[in-house]
Amino acid sequence: MHGSSPVPPTVVLVHGAFTDASAWAGVTRSLHCAGLSVRAPANPLRGLARDAGHIKGMVRDLGGPVVLVGHDYGGSVITQLTADTDNVVALCYVTAFGLDAGECVLDIMDRFAPTPVADATFTAALPAGHPGAPPDRELYIRRERFPQVYAADLAPGVGEVLSATQRPIACRALTGRSGPPAWASTPSWYAIATADRVLSPTAQRFMAQRMAATEHVLDGSHAVMLSQPDAVAAMIREAAGHIR
């Protein structure tokens, strides 16, 4: 009597600040060609607990095994998914924040030498979601600086489009404290972008080594999932294949 074949995992791609789920288009295409099922939900970018709860509900509904992938702030979000998501079998970080318990995004940014993004951002008032909601601001990258800071290895026209369509992140999301990290108990992979001007490559190596992740070093910008989608997809396939 033959044993049943293992259920292939679904890959859930979680975008970060200043972009949306369309940033995963090339990676999704490559994963589909490899026969993997993919979901790329919208990350609200409004606050760590809220954003993690949003993604957690979708992951739980999938039921089968899941490989979670986070880019930038999306790494902070997937790091929160520990309780009630025992179907998460691997984590992949793409130049992303893999926070430890009690850390926030700004702790990592402040721990290492400033990157060019530090003087390329500005804040604007965040519209209140409902009467009585606490005031907050949201962070943008200046449009004229966006291509060079975020996506220097993409064609200038592409960077300009990304700049015009960028999604801001609420400042409260950058100060939300992480809970127990999922990477402490889940196999992890990390794509380090050596030409990143948003998240220091030194910070990326620090987080990858802290979580004992399998490292993939890519010569790319912060938008490496757009400039090198096949390389990013190869790392994700490796994680999915390890689980299978």
Side-chain angles (χ1 to χ4, degrees), residues 4-17 19-32 34-101 103-105 167 169-170 172-173 176-191 207-208 211-214 225 229 232-233 235-244:
S4 59
S5 300
V7 178
T10 297
V11 177
V12 175
L13 305 168
V14 182
H15 69 82
T19 189
D20 58 24
S22 67
W24 295 113
V27 174
T28 299
R29 187 179 306 111
S30 185
L31 293 174
H32 279 167
L36 287 168
S37 177
V38 179
R39 299 289 183 88
N43 183 0
L45 307 178
R46 299 295 85 177
L48 189 54
R50 173 180 171 182
D51 299 338
H54 176 74
I55 301 299
K56 179 185 289 189
M58 192 203 72
V59 169
R60 291 180 63 186
D61 288 345
L62 287 173
V66 169
V67 174
L68 274 176
V69 184
H71 171 250
D72 183 78
Y73 166 76
S76 304
V77 174
I78 69 172
T79 298
Q80 302 303 298
L81 303 191
T82 53
D84 304 322
T85 50
D86 54 6
N87 56 324
V88 175
V89 292
L91 302 170
C92 292
Y93 293 82
V94 180
T95 179
F97 291 91
L99 303 178
D100 203 350
E103 278 184 341
C104 69
V105 167
R167 287 190 57 211
I169 184 168
R172 69 168 67 96
R177 298 288 171 184
S178 183
W183 49 257
S185 57
T186 307
S188 301
W189 281 254
Y190 199 113
M207 289 183 285
M211 65 177 71
T214 300
M225 69 288 185
V232 172
M235 181 186 73
I236 297 168
R237 293 199 311 271
E238 181 181 303
H242 174 82
I243 302 308
R244 288 193 237 181

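Being a predicted model, the structure only gives us computed values, none of them experimental. Any value given below was found using the heavy atoms of this structure, including those in side chains, with hydrogens, waters and symmetry copies removed.
Rounding to the nearest 0.5 angstrom, the gap separating the OG atom in S37 from the NE2 atom in H32 is 6.0 Å. S188 OG to M211 CE: the interatomic distance, rounded to the nearest 0.5 Å, is 5.5 Å. Note that the CG atom of D51 and the NZ atom of K56 stand 13.0 Å from one another [nearest 0.5 Å]. Between T186 atom OG1 and L68 atom CG the span is 9.0 Å, to the nearest 0.5 Å. Atom CH2 of residue W183 and atom CE of residue M207 lie 10.5 Å apart, to the nearest 0.5 angstrom. In this structure, the separation between CG on L91 and OG1 on T79 is 7.0 Å, given to the nearest 0.5 Å.
The shortest side-chain heavy-atom distance between H71 and H15 does not fall under the 4.5 Å cut-off. Side-chain contact between R39 and T10: present, with at least one pair of heavy atoms (C-beta onward) separated by less than 4.5 Å. Two residues are said to be in side-chain contact when any heavy atoms from C-beta on lie closer than 4.5 Å; V67 and V12 fail this criterion. Annotation: side chain of I78 is not in contact with side chain of V69 (no heavy-atom distance under 4.5 Å). Between V89 and V66 the shortest side-chain heavy-atom distance does not fall below 4.5 Å.
The environment of R177 atom CZ is dense: over 12 non-hydrogen atoms of other residues, nucleotides or ligands sit within 6.0 angstrom.
Annotation for R237 and S30: closest pair NH1-OG, 3.7 Å, computed over non-hydrogen atoms. Nearest approach of W189 to A90, heavy atoms of both residues: CZ3-CB, 4.0 Å. Minimum heavy-atom separation, I55 to P41: CD1-CG, 3.7 Å. Annotation for G26 and P229: closest pair C-CB, 3.5 Å, computed over non-hydrogen atoms.
Judged by distance alone, the side chain of Y190 and the main-chain N or O of A96 form a donor-acceptor pair under 3.5 Å. Not one N or O on the side chain of Q80 forms a donor-acceptor pair closer than 3.5 Å with the backbone of A49. Proximity of a side-chain donor or acceptor of R167 to a complementary backbone N or O of L45 within less than 3.5 Å is not detected. Of the possible donor and acceptor atoms, one in the side chain of N87 sits under 3.5 Å from a partner among the backbone N and O of G64. At distances below 3.5 Å, not a single donor-acceptor pair connects side-chain atoms of D72 with backbone N or O atoms of T95. With hydrogens and angles ignored, the 3.5 Å screen pairs no side-chain donor or acceptor of D100 with any backbone N or O of P181.
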Could you walk me through whether T214 and E238 pass side chain to side chain contact (heavy atoms under 4.5 Å, CB included), step by step? CA-CA 10 Å; T214 300; E238 181 181 303; 3.4 Å; yes
Would you please test V94 and W24 for side chain to side chain contact (heavy atoms under 4.5 Å, CB included) and show each step? CA-CA 11 Å; V94 180; W24 295 113; 4.2 Å; yes
